[in-house]
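Side-chain atoms are counted along with the backbone in the values below, which use heavy atoms only and exclude waters and symmetry mates. In what follows, chains are A, B, ... by sequence order, proteins preceding strands, each numbered from 1.
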Amino acid sequence: MSTAYTDPILAWYESNARDLPWRSPSATPWGVLVSEIMLQQTPVNRVMPVWHEWMKRWPTPPDLAAEPSGEAVRAWGRLGYPRRALRLHATAKAITERHDGEVPSSHAELLDLPGIGSYTAAAVASFAYRQRHAVLDTNVRRVLSRLISGDEYPPKSQTKAEVATAEALLPLDPPTAALWSVAVMELGALVCTARTPRCVDCPVLDKCTWQLEGRPAYDGPPRRGQTYAGTDRQCRGRLMAVLRDAEGPVEKPALDIVWSDPIQRERALDTLIADGLVDPLDDGRYALPS
DNA sequence: TAAACGTGGTT
DNA sequence: TAACCAAGTTT
């Protein structure tokens, strides 16, 4: 294993880390878990106020588990991907029932919880419990891609080679490994960014393969998908906004007015019901789930 | 494995 | 301005 990157990046983190609330010594494992779910595909700035609100309202998993799932969806606000709120509520219930109300510390038990995949399990085990796991998020994948492979961007989907690389770089001492993981993520978030990296501020610039090879341009396939306007996703978002902003159940016309295409609207509503995000009541009205 | 899944800021 | 991007997971 290589240690050439470890000390410069740890030193850089010590003086450049953002003071994020879920990194505070007073943050609980539950607070870390909630932050990780909220941060999936969602920028820090948008998460911050919602996280504070959640922590004040639901300081422990049993607090959230005692509420209807619809309250979690409502309090999710406009963070996006509201199925995360539903799964976080289900996770709170599972923790309450299966783990005595305490967020489990083992990677396997975390992985068993709804909405928690390989990244989030590793992140919670590392950041909340100071364990030694390879934490591979989009930031770390990009940093290692540039530093080690010399490619501007990592492969479209995670490879075994990337996991092997990340594990090889992981310091042996668990608390140091946990610190390393958050430090590499932070480097990717603040310096080794996707679009215009601030290489002048990089602590390992002299060891960066991509840099040493003259920063060759990305030559792979386009990495993005379709536009958002007009999609079912946008339609679902509109419908959910109506339900979130209403005090209680809403009449069907209140949903109909936010999307003109009836075919697409009904399809979107059906998928929301199938996902458990919308509850069709017996009286014909619609509500957030109970 | 690829596509689906929200939202808003940045380039 | 349209495209890209943000601490991914699920099916």
From CG of A:Leu111 across to C1' of C:dT10 the rounded distance in Å is 12 Å

Contact class for A:Arg142 (heavy atom, under 4.0 Å): base, sugar-phosphate, or nothing? sugar-phosphate

Tell me: CG of A:Asp275 to P of C:dT10, nearest whole Å? 13 Å

Have a look at A:Trp22 and say if it touches a base, only the backbone sugar-phosphate, or nothing, with a 4.0 Å heavy-atom cut-off. base

Is there a side-chain polar atom (N or O) of A:Tyr228 under 4.0 Å from OP1 or OP2 of B:dT7? yes

Roughly, in whole Å, what's the span from CD1 in A:Ile37 to C1' in B:dG6? 16 Å

Between C1' on B:dA4 and CD on A:Gln264, what's the gap in Å once rounded to a whole number? 14 Å

In whole angstrom, give the distance that lies between atom CZ of A:Arg233 and atom P of B:dG8. 14 Å

If you only use heavy atoms from C-beta on, which nucleotide in C:dG8, B:dT7, B:dT11 is closest to the side chain of A:Gln41? C:dG8

When the distance from CG of A:Leu190 to C1' of C:dC5 is rounded to whole Å, what number comes out? 15 Å

Please report the distance, rounded to the nearest Å, between CG in A:Leu39 and P in C:dA6. 13 Å

What's the CD-C1' distance between A:Gln158 and C:dT9, to the nearest Å? 12 Å

Describe the nucleic acid contact of A:Thr271 in one word from base, sugar-phosphate, nothing, applying a heavy-atom distance below 4.0 Å. nothing

Cluster check A:Leu255, A:Trp259: I/L/V/M/F/W/Y, side chain < 4.5 angstrom: no

Minimum-distance nucleotide to A:Thr227 side chain [options: C:dA3, C:dA7, B:dG6]: C:dA3

A:Tyr153 has a side chain; which of B:dC5, C:dC5, C:dA7 sits nearest to it? C:dC5

For A:Gly117, report the nucleic acid contact type (base, sugar-phosphate, nothing); a contact means any heavy atom under 4.0 Å. sugar-phosphate

Taking only the side-chain nitrogens and oxygens of A:Arg87, find out if one of them lies under 4.0 Å from OP1 or OP2 of B:dC5. no

Just call it for A:Arg267: base, sugar-phosphate, or nothing, with non-hydrogen atoms closer than 4.0 Å on any strand. nothing

Determine the Euclidean distance between corresponding P atoms of B:dA4 and C:dA7; express it in Å to zero decimal places. 23 Å

Between A:Glu36 and A:Pro114, which has a closest nucleotide on DNA chain C that is more 5'? A:Glu36

Is there a chain of hydrophobic side chains (I, L, V, M, F, W, Y, each step under 4.5 Å between heavy atoms) that links A:Ile257 to A:Val278? yes

Answer with yes or no whether the side chains of A:Glu36 and A:Tyr119 bring together a donor and an acceptor at under 3.5 Å. yes

Among the nucleotides B:dG8, B:dC5, C:dA7, which one has an atom lying closest to any side-chain atom of A:Arg83? B:dC5

With side-chain contact (heavy atoms from CB on, under 4.5 Å) as the criterion, how do A:His107 and A:Val124 come out once you've worked through the C-alpha distance, each side chain's angles and the decisive distance to 0.1 Å? CA-CA 8 Å; A:His107 186 278; A:Val124 173; over 6 Å; no

In terms of side-chain heavy atoms of A:Tyr119, which of C:dA7, C:dC5, B:dT7 is nearest? C:dA7

Within the 4.0 Å heavy-atom criterion, would you say A:Thr196 contacts the bases, only the backbone, or no part of the nucleic acid? nothing

From C:dA7, C:dA3, C:dA6, pick the nucleotide closest to the side chain of A:Met185? C:dA7

A:Leu170 versus A:Ser181, closest heavy-atom pair with distance: CD1-OG, 3.9 Å

What nucleic acid atoms does A:Leu20 come within less than 4.0 Å of, heavy atoms only: base, sugar-phosphate, or nothing? base

Pick base, sugar-phosphate or nothing for A:Arg78, based on heavy-atom distances below 4.0 Å to the nucleic acid. sugar-phosphate

C:dT11 and B:dG6: how far apart are their P atoms, nearest whole angstrom? 14 Å

Please compare A:Thr193 and A:Thr120 by the position of their nearest nucleotide in DNA chain C and report the one closer to 5'. A:Thr193

Have a look at A:Arg236 and say if it touches a base, only the backbone sugar-phosphate, or nothing, with a 4.0 Å heavy-atom cut-off. sugar-phosphate

Go through the steps to decide whether A:Leu239 and A:Tyr286 satisfy the test side-chain contact (heavy atoms from CB on, under 4.5 Å), and finish with yes or no. CA-CA 10 Å; A:Leu239 297 173; A:Tyr286 295 85; over 6 Å; no

Student check: side-chain heavy atoms of A:Leu33 and A:Ile95 closer than 4.5 Å: yes

